[in-house]
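Accompanying notes for the structure given below.
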Amino acid sequence: MRQATIQRTTKETDITLALCLDGGEVSVSTGIGFFDHMLTALAFYAGFGLELSALGDLHVDGHHTVEDVGIVLGQALREALGDKRGIRRYGAASVPMDEALCGTVLDISNRPYLVFDAPMPQPAIGGYDSCLTAEFMRALAMNSGITLHQKCEYGDNAHHITEALFKSLGLALKEAVGVEGDTIVSTKGAL
């Protein structure tokens with residue numbers, strides 16, 4: 001089983017995360033309802049098992065919790081992938097969500113990078129600041145070693161844009177972590 005468990009405690013957050021790339025139960029609790037919904041969708045569309053409990057300084061705002069969950073999920077993804085032998089490596093998906101169309105293209109390259117082109121028309125979605133989506137994606141990319149490109153082609157509702165970004169990320173990850181053989185997909189022989 002390709003899996004990892006990470007515990008990370010700082011003065012701002014206390015996070016426990018168990019990830020299985022080959023499926024399992026999904027249970028997410030961060031104290032931010034919309035973020036829980038997005039992480040659940042991400043895990044569902046990726047086909048991942050994900051158990052996540054995060055306690056954060058939400059009396060300040062959601063920033064530390066969202067960013068730190070991205071850090072921990074990225075670390076778990078990197079650990080669960082091991083030497084990346086046999087994975088497809090690349091993934092791409094587009095998701096329509098009502099009036100919004102968003103896409104994700106990624107490379108599990110061990111060269112972390114984020115290109116995020118998804119302006120948010122509204123500053124908040126419930127108790128979730130829309131700008132935190134980019135913070136989560138950056139933390140995930142940097143800590144997992146993924147080259148991650150996300151773009152909103154069009155849309156005028158921040159909820160729909162964010163949901164399409166998380167779902168397309170899940171679908172792209174499902175494709176990229178899929179096992180197709182026993183070699184490392186790189187002309188260099190290593191990722």
How long is the span from the NE2 atom in His37 to the CG atom in Leu39, to the nearest 0.5 Å?
11.0 Å
For Gln75, does its backbone N or O pair with a side-chain atom of Asn143 as donor and acceptor, under 3.5 Å?
no
Under 4.5 Å between side-chain heavy atoms, hopping through other hydrophobics if needed: is there a path connecting Val72 to Val28?
yes
On a heavy-atom basis, which atom in Gln3 and which in Cys20 lie closest, and how many Å separate them?
CB-CA, 4.0 Å
In terms of heavy-atom contacts, Arg85 and Asp83 come closest through N-OD1, 2.9 Å
Please answer: with hydrophobic residues joined when any side-chain heavy atoms are less than 4.5 Å apart, are Ile15 and Ile32 in the same cluster?
yes
ILVMFWY cluster, Val66 and Val26 together (side-chain gap under 4.5 Å):
yes
Which heavy atom in Met142 sits nearest to a heavy atom in Arg78, and how many Å separate them?
O-NH2, 4.1 Å
Sorted by chain and residue number, the side-chain contact (heavy atoms from CB on, under 4.5 Å) partners of Arg111 (sequence neighbours excluded) come out as Arg89, Asp107, Ser109, Thr147, Lys188
Shortest non-hydrogen pair, Leu17 vs Ala76, comes out as CD2-CB, 3.6 Å
Are the side chain of Arg2 and the backbone N or O of Ala80 linked by a donor-acceptor pair below 3.5 Å?
no
ILVMFWY network linking Ile71 to Leu73, side-chain heavy atoms under 4.5 angstrom:
no
Under 3.5 Å donor-acceptor pairs involving side-chain atoms of residues 172-181, not counting sequence neighbours:
residue : atom : partner : partner atom : Å
Glu175  : OE1  : Ala92   : N            : 3.0
Glu175  : OE2  : Arg88   : NH1          : 3.3

Would Ile161 and Met97 show up in the same hydrophobic cluster when neighbours are defined by side-chain heavy atoms closer than 4.5 Å?
no
Using the side-chain contact (heavy atoms from CB on, under 4.5 Å) criterion, which residues pair with Ser130? Sequence neighbours excluded.
Met120, Ile125, Ala158
Measure from the side-chain N and O atoms of Glu135 to the backbone N and O of Asp68, and report whether any donor-acceptor pair falls under 3.5 Å.
no
Spacing of CE belonging to Met137 relative to OG1 belonging to Thr162, to within rounding of 0.5 Å:
8.0 Å
Using ring-ring contact (aromatic ring centres under 6.0 Å, His included) as the criterion, list what pairs up with His159, not counting sequence neighbours.
Phe34
Side-chain donor-acceptor pairs under 3.5 Å in residues 51-62, sequence neighbours left out?
residue : atom : partner : partner atom : Å
Asp57   : OD1  : His64   : ND1          : 3.2
Asp57   : OD2  : His64   : ND1          : 2.8
Asp61   : OD1  : His63   : N            : 3.0

So CG of Leu50 and OG1 of Thr40: to nearest 0.5 Å the spacing works out to 7.5 Å
If you count the non-hydrogen atoms of other residues, nucleotides and ligands that lie under 6.0 Å from CZ in Phe116, is the total more than 12?
yes
When the ring planes of Phe35 and Tyr128 are compared, do they come out parallel, tilted or perpendicular, using 30° and 60° as the limits?
parallel
For Gln150 and Leu165, indicate whether the former's side chain and the latter's backbone hold a donor-acceptor pair under 3.5 Å.
yes
Supply the atom-to-atom distance Tyr154 OH to Cys102 SG, rounded to the nearest 0.5 angstrom.
9.5 Å
For the residue pair Leu169 and Leu140, what are the closest heavy atoms and their distance?
CD2-CD2, 3.7 Å
In terms of heavy-atom contacts, Pro112 and Ala141 come closest through CB-O, 3.3 Å
Quick one: does Leu81's side chain get under 4.5 Å of Ser144's, heavy atoms only?
no
Taken to the nearest 0.5 Å, the spacing of Gln7 CD from Asp14 CG works out to 5.5 Å
dist Leu77:CG -> Ile108:CD1 (nearest 0.5 Å) comes out at 6.0 Å
Please set out all donor-acceptor pairs under 3.5 angstrom arising from side-chain atoms of residues 42-49, sequence neighbours excluded.
none

Examine distances only and state if a side-chain atom of Glu99 and a backbone atom of Asn157 form a donor-acceptor pair shorter than 3.5 Å.
yes
